[in-house]
Engineer: 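Starting off with a structure, shown below.
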Amino acid sequence: MSTPTPRATMPRLAVAGRARPALSTREVEVLLAWMASESKEDAAHRLFISQSTVSTHISRIRAKYAAVGRSAPTKAHLLARALQDGYTSLEEW
């Protein structure tokens with residue numbers, strides 16, 4: 001499976017009436033790499049960063065979602081949020 005390319009533009013879709021956290025381009029890149037990987041270690045290897053850096057990005061992404069009332073405690077929740085907010089699409093997977 002190839003790693004989806006993060007979107008540099010604004011997301012196409014967002015959940016109607018729900019706030020969408022402003023994820024940085026790098027946060028989206030790390031999130032999608034992690035989604036396409038078996039582990040944070042694998043994602044870190046793909047991005048040439050440390051596993052702790054991946055963990056830090058994922059923690060910050062989760063905090064941003066929690067701050068707008070859309071918690072994402074699991075990897076599946078984060079994938080759902082990324083799909084809802086247009087950071088990725090099912091066609092890319």
Side-chain angles (χ1 to χ4, degrees):
M1 173 188 333
S2 64
T3 303
T5 305
R7 300 194 179 284
T9 59
M10 293 299 291
R12 292 170 286 160
L13 302 172
V15 176
R18 292 197 175 192
R20 181 180 52 83
L23 302 183
S24 71
T25 301
R26 186 60 168 174
E27 287 171 332
V28 173
E29 181 180 24
V30 171
L31 177 62
L32 296 180
W34 182 51
M35 293 295 165
S37 301
E38 294 293 321
S39 66
K40 290 178 183 174
E41 182 178 1
D42 185 34
H45 180 74
R46 289 177 186 216
L47 297 171
F48 304 100
I49 59 177
S50 72
Q51 183 177 343
S52 66
T53 300
V54 172
S55 294
T56 298
H57 279 293
I58 298 302
S59 293
R60 289 180 180 161
I61 292 165
R62 284 191 168 120
K64 286 182 178 185
Y65 272 107
V68 296
R70 297 173 63 206
S71 67
T74 67
K75 193 172 188 178
H77 283 104
L78 282 172
L79 177 59
R81 301 293 181 252
L83 289 166
Q84 290 167 345
D85 293 342
Y87 290 117
T88 190
S89 69
L90 288 177
E91 292 81 23
E92 293 175 10
W93 297 93

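The basis for the numbers below is simple: all heavy atoms, side chains too, and nothing from hydrogens, waters or symmetry mates.
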Engineer: List in chain and number order the residues that pass side chain to side chain donor-acceptor pair (under 3.5 Å) with Arg60, two or more places apart in sequence or in another chain; answer none if no residue qualifies.
Structural biologist: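 Residues passing side chain to side chain donor-acceptor pair (under 3.5 Å) with Arg60: none at all.
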Engineer: Heavy atoms only: give me the nearest Met35-Leu78 pair and the separation to one decimal.
Structural biologist: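 In terms of heavy atoms, the two residues are closest at CE-CB, 3.3 Å.
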Engineer: Among the clusters formed by ILVMFWY side chains lying less than 4.5 Å apart, do Trp93 and Val30 turn up in the same one?
Structural biologist: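 Both belong to a single hydrophobic cluster.
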Engineer: Within the 4.5 Å heavy-atom criterion, are His57 and Leu31 side-chain neighbours or not?
Structural biologist: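 Of all side-chain heavy-atom pairs linking Leu31 with His57, none is under 4.5 Å.
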Engineer: Let's go through Leu23 and Tyr87 carefully: what are the C-alpha distance in whole Å and the side-chain angles of both, what is the deciding distance for side chain to side chain contact (heavy atoms under 4.5 Å, CB included) to 0.1 Å, and is it a yes or a no?
Structural biologist: CA-CA 9 Å; Leu23 302 183; Tyr87 290 117; 3.7 Å; yes
Engineer: Over all heavy atoms of both residues, which pair between Leu83 and Leu90 is shortest? Give the atoms and the distance, please.
Structural biologist: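 Heavy atoms only, the tightest pair is CD2-N, 3.7 Å.
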Engineer: Just to verify, what does His77 make a side chain to side chain donor-acceptor pair (under 3.5 Å) with, not counting sequence neighbours?
Structural biologist: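 For His77 the side chain to side chain donor-acceptor pair (under 3.5 Å) partners, ignoring immediate neighbours, are Thr74.
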Engineer: Specify the closest pair of heavy atoms between Lys75 and Arg62, including all atoms of both residues, with the distance to one decimal.
Structural biologist: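 Distance-wise, the nearest heavy atoms are N-NH2, 3.7 Å.
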Engineer: Mind checking side chain to side chain donor-acceptor pair (under 3.5 Å) for Lys64 and listing every partner two or more places apart, or none if nothing turns up?
Structural biologist: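 Applying side chain to side chain donor-acceptor pair (under 3.5 Å) to Lys64 gives Glu27.
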Engineer: State, to 0.1 Å, how close Ser71 and Pro73 come at their nearest heavy-atom pair, and which atoms those are.
Structural biologist: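 That would be C-CD, 3.6 Å.
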Engineer: Among all residues two or more places apart in sequence or in another chain, which pass the side-chain contact (heavy atoms from CB on, under 4.5 Å) test with Ser59?
Structural biologist: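 Partners of Ser59 under the side-chain contact (heavy atoms from CB on, under 4.5 Å) test: none.
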Engineer: Please tell me whether Ser39 and Glu41 have a donor and an acceptor in their side chains that are separated by less than 3.5 angstrom.
Structural biologist: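 Side chains of Ser39 and Glu41: no pair found under 3.5 Å.
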Engineer: Nearest heavy-atom pair of Pro21 and Asp85: which atoms, and what distance?
Structural biologist: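 Of all heavy-atom pairs spanning Pro21 and Asp85, the closest is CD-OD2, 4.1 Å.
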Engineer: Just wondering, do Trp34 and Ile61 contact through their side chains at under 4.5 Å, heavy atoms?
Structural biologist: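 They are not in side-chain contact.
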Engineer: Between Arg70 and Ala19, what is the shortest heavy-atom contact and its length?
Structural biologist: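 Closest pair (atom of Arg70, atom of Ala19, distance): NH1-O, 3.0 Å.
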Engineer: Would the distance check show the side chain of Arg20 and the main-chain N or O of Gly86 forming a donor-acceptor pair, the cut-off being under 3.5 Å?
Structural biologist: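 No; zero donor-acceptor contacts below 3.5 Å.
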Engineer: Among all residues two or more places apart in sequence or in another chain, which pass the side chain to side chain donor-acceptor pair (under 3.5 Å) test with Thr53?
Structural biologist: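 Result, side chain to side chain donor-acceptor pair (under 3.5 Å) vs Thr53: Ser50.
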